[in-house]
Amino acid sequence: VITRLEVRLPSIEPNTIDRSYLIYIDPDAGAETRLAEEVRRRAASSTIGLITDETVAGLHWPRVEAALAERGLKVVTVVVPDGESSKSLKTVEEVADRFVRGGLDRRSLVVALGGGVVGDLGGFVASVFLRGVPYVQVPTTLLAQVDSSVGGKTGVNLASGKNLVGTFHQPLCVYADLTTLSTLPARDLSSGLAEIVKHGVIADEALLLRLEERAEEARAGDPALLAELVRRSCAIKAEVVATDERELLSDAPGGGRAQLNFGHTVGHALESASAGGPAPLRHGEAVALGMIAAARVGEKLGLGDPALEARLVALLPRLGLPTDLDRRLDGPTLERVGVDKKRAGGRVAMVLVPRIGQAALSPIEPHRLGEILLGRKAR
Ligand SMILES: NC(=O)c1ccc[n+]([C@@H]2O[C@H](COP(=O)([O-])OP(=O)(O)OC[C@H]3O[C@@H](n4cnc5c(N)ncnc54)[C@H](O)[C@@H]3O)[C@@H](O)[C@H]2O)c1
Ligand SMILES: [Zn+2]
């Protein structure tokens, strides 16, 4: 049974098109034919672009491409190397150039078939290609299905940090074929579970309890449980995005869209610092560690739920996620928080959790972060 969730968005000005869109959550075999039909219905030109990465090109692209071709679409596919390094301006240029040579024009749409890397890159390319063409997200990792494919944040990395160049560009629709999760490596499944934990902590304690109840089955990839988790997570993300699409309401109670950055202040610093080293962290692994950091900061400042850190430390390993924050965090890594774009006026806007199921944005002095998180190491 396909679930349809709506991301409700206002039109930018009167008489412009409704930008609301659907997230399709399809747990059944043969999803590629239904997905291809949705793409064909929305395609104004029969030549479309498709971005994917090497792994997904081997596993899922053939049946998706065949289904699209069967509906009369000419698919210009660009395969990028796996991993964060493809989120670069250089890749944007290469993909756009291939699309031009493949015959895409302003009426063409782009399909992003893959995890968060392909989704962020594909969305960004679509937003700037010929000054902007529509795109469809087809997320194939748990992380992309529960988080990155929804909400229209696109972007690439710079040497100085993650996601520092990007756009808001909402997709025409998101089509999550849940059968793709059966090929996902355990580590990537765990990485996606971290963002589900995040959604539970900031917005839905019942979702967190569900994970605590069934952590081992989630980690083992139980399809019915994953389908439920994807639905509940997408509902939370859709709701938050609908209230604050462009992350402008950070001063509102709860922090608006910025609350979704829970765990990401320190998480992004750890992720960037580990990239290119001997043990790079997956995005969700870094977020897991960043959530522990935020829980500790909240408790020490008297602004966060005092039970949160212990609850995270108990749950995360059961989901295959790391908890060794103290071993991984050092002064130079914490310095990277300084280039985080969420920084404002010398202070770092950090998402804290006053009560599980609720978030709040608090400005923190960077030196306080160091004192709390590095303790003796800092001196
Ligand atoms: N835009 C947003 O709102 C948002 C939100 C959260 C995260 N992100 C971004 O998402 C990225 C992380 O996404 P990710 O964890 O999906 O990483 P990813 O896209 O690199 O995918 C992880 C790995 O899984 C492989 N893979 C993908 N689908 C597969 C499948 N079905 N079977 C087997 N292997 C498969 C990929 O080839 C890759 O090697 C980061 O760059 C992060 O910044 C963006
Ligand atoms: Zn994230």
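Atom set for the values below is all heavy atoms of this structure, side chains included, hydrogens, waters and symmetry mates excluded. We count ligands from 1, going down the list as the structure has it; atoms in each ligand are counted the same way. Each residue takes its place number in the sequence, starting with 1.
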So, regarding K87 and ligand 1 (criterion: nitrogen or oxygen to nitrogen or oxygen, under 3.5 Å), is there a contact or not? yes

Honestly, for L181 the part within reach of ligand 1 (heavy atoms, under 4.0 Å) is neither

Which protein heavy atom lies closest to atom 3 (O) of ligand 1, and at what distance to 0.1 Å? K237 NZ, 3.5 Å

Per-residue contact class, E54 against ligand 1 - non-hydrogen pairs under 4.0 Å: neither

Quick check: T154 and ligand 1, any N/O pair under 3.5 Å apart? no

Spell out, yes or no, whether V138 and V7 are grouped together once hydrophobic residues are joined by side-chain heavy atoms under 4.5 Å, including indirect joins. no

NE2 (H264) to the Zn ion (ligand 2) to NE2 (H283) angle, given to the nearest 10 degrees: 100°

Check the surroundings of atom CZ in R106: do more than 12 heavy atoms from other residues, nucleotides or ligands lie under 6.0 Å from it? no

Taking a cutoff of less than 4.0 Å between a non-hydrogen atom of the residue and any ligand atom, is R282 in contact with ligand 1? no

Which of H268, E271, E195, R282 passes side chain to side chain contact (heavy atoms under 4.5 Å, CB included) with V287? Answer is E195

Is there a side-chain contact between L315 and V197, using heavy atoms and a 4.5 Å cut-off? yes

Answer yes or no: is there a donor N or O on one side and an acceptor on the other, between the side chain of Q145 and the main chain of A176, under 3.5 Å? no

Parallel, tilted or perpendicular: which one describes the rings of F129 and F99, with boundaries at 30° and 60°? perpendicular

Are R41 and E37 close enough for a salt bridge, meaning some N to O gap below 4.0 Å? no

Check this for me: does any side-chain nitrogen of one of R219 and E216 sit under 4.0 Å from a carboxylate oxygen of the other? no

Check all N, O or S atoms of E195 and name the one closest to the Zn ion (ligand 2). OE2

Are P185 and ligand 1 in contact, using a heavy-atom cut-off of under 4.0 Å? yes

Stepwise, does the ring pair (Phe, Tyr, Trp, His ring centres under 6.0 Å) test hold for H169 with F124? CA-CA 8 Å; H169 188 49; F124 185 69; 9.7 Å; no

Provide, to 0.1 Å, the distance between atom 29 (C) of ligand 1 and the closest protein heavy atom, together with that atom's residue and name. L184 CD1, 3.6 Å

Counting from 1 in the order shown, the ligand 1 atoms closer than 4.0 Å to a non-hydrogen atom of D53 are 36 (C), 37 (O), 38 (C)

Short N/O distance, under 3.5 Å, between E84 and ligand 1? yes

Could you work out, for atom 1 (N) of ligand 1, the closest of K153, Q137, H283 by heavy-atom distance? K153

Can an N, O or S atom be found in D147 less than 2.8 Å away from the Zn ion (ligand 2)? no

Provide, to 0.1 Å, the distance between atom 43 (O) of ligand 1 and the closest protein heavy atom, together with that atom's residue and name. K162 NZ, 2.8 Å

For the salt bridge (charged side-chain N to carboxylate O under 4.0 Å, His left out) test, which of D330, D326, D324 pairs with R328? D324

Look at atom 33 (C) of ligand 1 and say which protein heavy atom is nearest, naming residue and atom and giving the distance to 0.1 Å. T183 O, 3.1 Å

Taking only non-hydrogen atoms of E195 and a 4.0 Å limit, the atoms of ligand 1 in range are 6 (C)

Just do the side chain to side chain donor-acceptor pair (under 3.5 Å) check on S88 and T91 with the steps written out, would you? CA-CA 5 Å; S88 72; T91 315; 2.7 Å; yes

Short N-O contact, E247 and K153, less than 4.0 angstrom: yes

Which residue owns the protein heavy atom closest to atom 4 (C) of ligand 1, what's the atom, and how far is it? S148 CB, 3.2 Å

I'd like to check which ligand 1 atoms, numbered from 1 as shown, lie under 4.0 Å from a non-hydrogen atom of T180. 30 (C), 31 (N)

Could an N or O of ligand 1 be found under 3.5 Å from any N or O of H268, whether backbone or side chain? no

Before you tell me yes or no, could you show the steps for L184 and T180 under side-chain contact (heavy atoms from CB on, under 4.5 Å), namely the whole-Å CA-CA distance, both residues' side-chain angles and the distance that decides it to 0.1 Å? CA-CA 7 Å; L184 198 63; T180 57; over 6 Å; no

Distance to 0.1 Å, residue and atom name: give those for the protein heavy atom nearest to atom 39 (O) of ligand 1. D82 OD2, 2.9 Å

Determine, for R63 against D177, whether the closest basic-nitrogen to carboxylate-oxygen distance falls under 4.0 angstrom. yes

Of the protein's non-hydrogen atoms, which lies at the shortest distance from atom 14 (P) of ligand 1, and what is that distance? G116 N, 3.5 Å

Among all protein non-hydrogen atoms, which one is nearest to atom 18 (P) of ligand 1, and what is the separation to 0.1 Å? V117 CG2, 3.9 Å

For ligand 1, which atoms have a heavy atom of L59 less than 4.0 angstrom away? 32 (N), 33 (C)

With a cut-off of 4.0 Å, which atoms of ligand 1 are near a heavy atom of D188? 22 (C), 23 (C), 24 (O)

Looking at ligand 1, does any of its N/O atoms fall within less than 3.5 Å of an N/O of D147? no

Is R311 salt-bridged to E205, cutoff N-O under 4.0 Å? yes

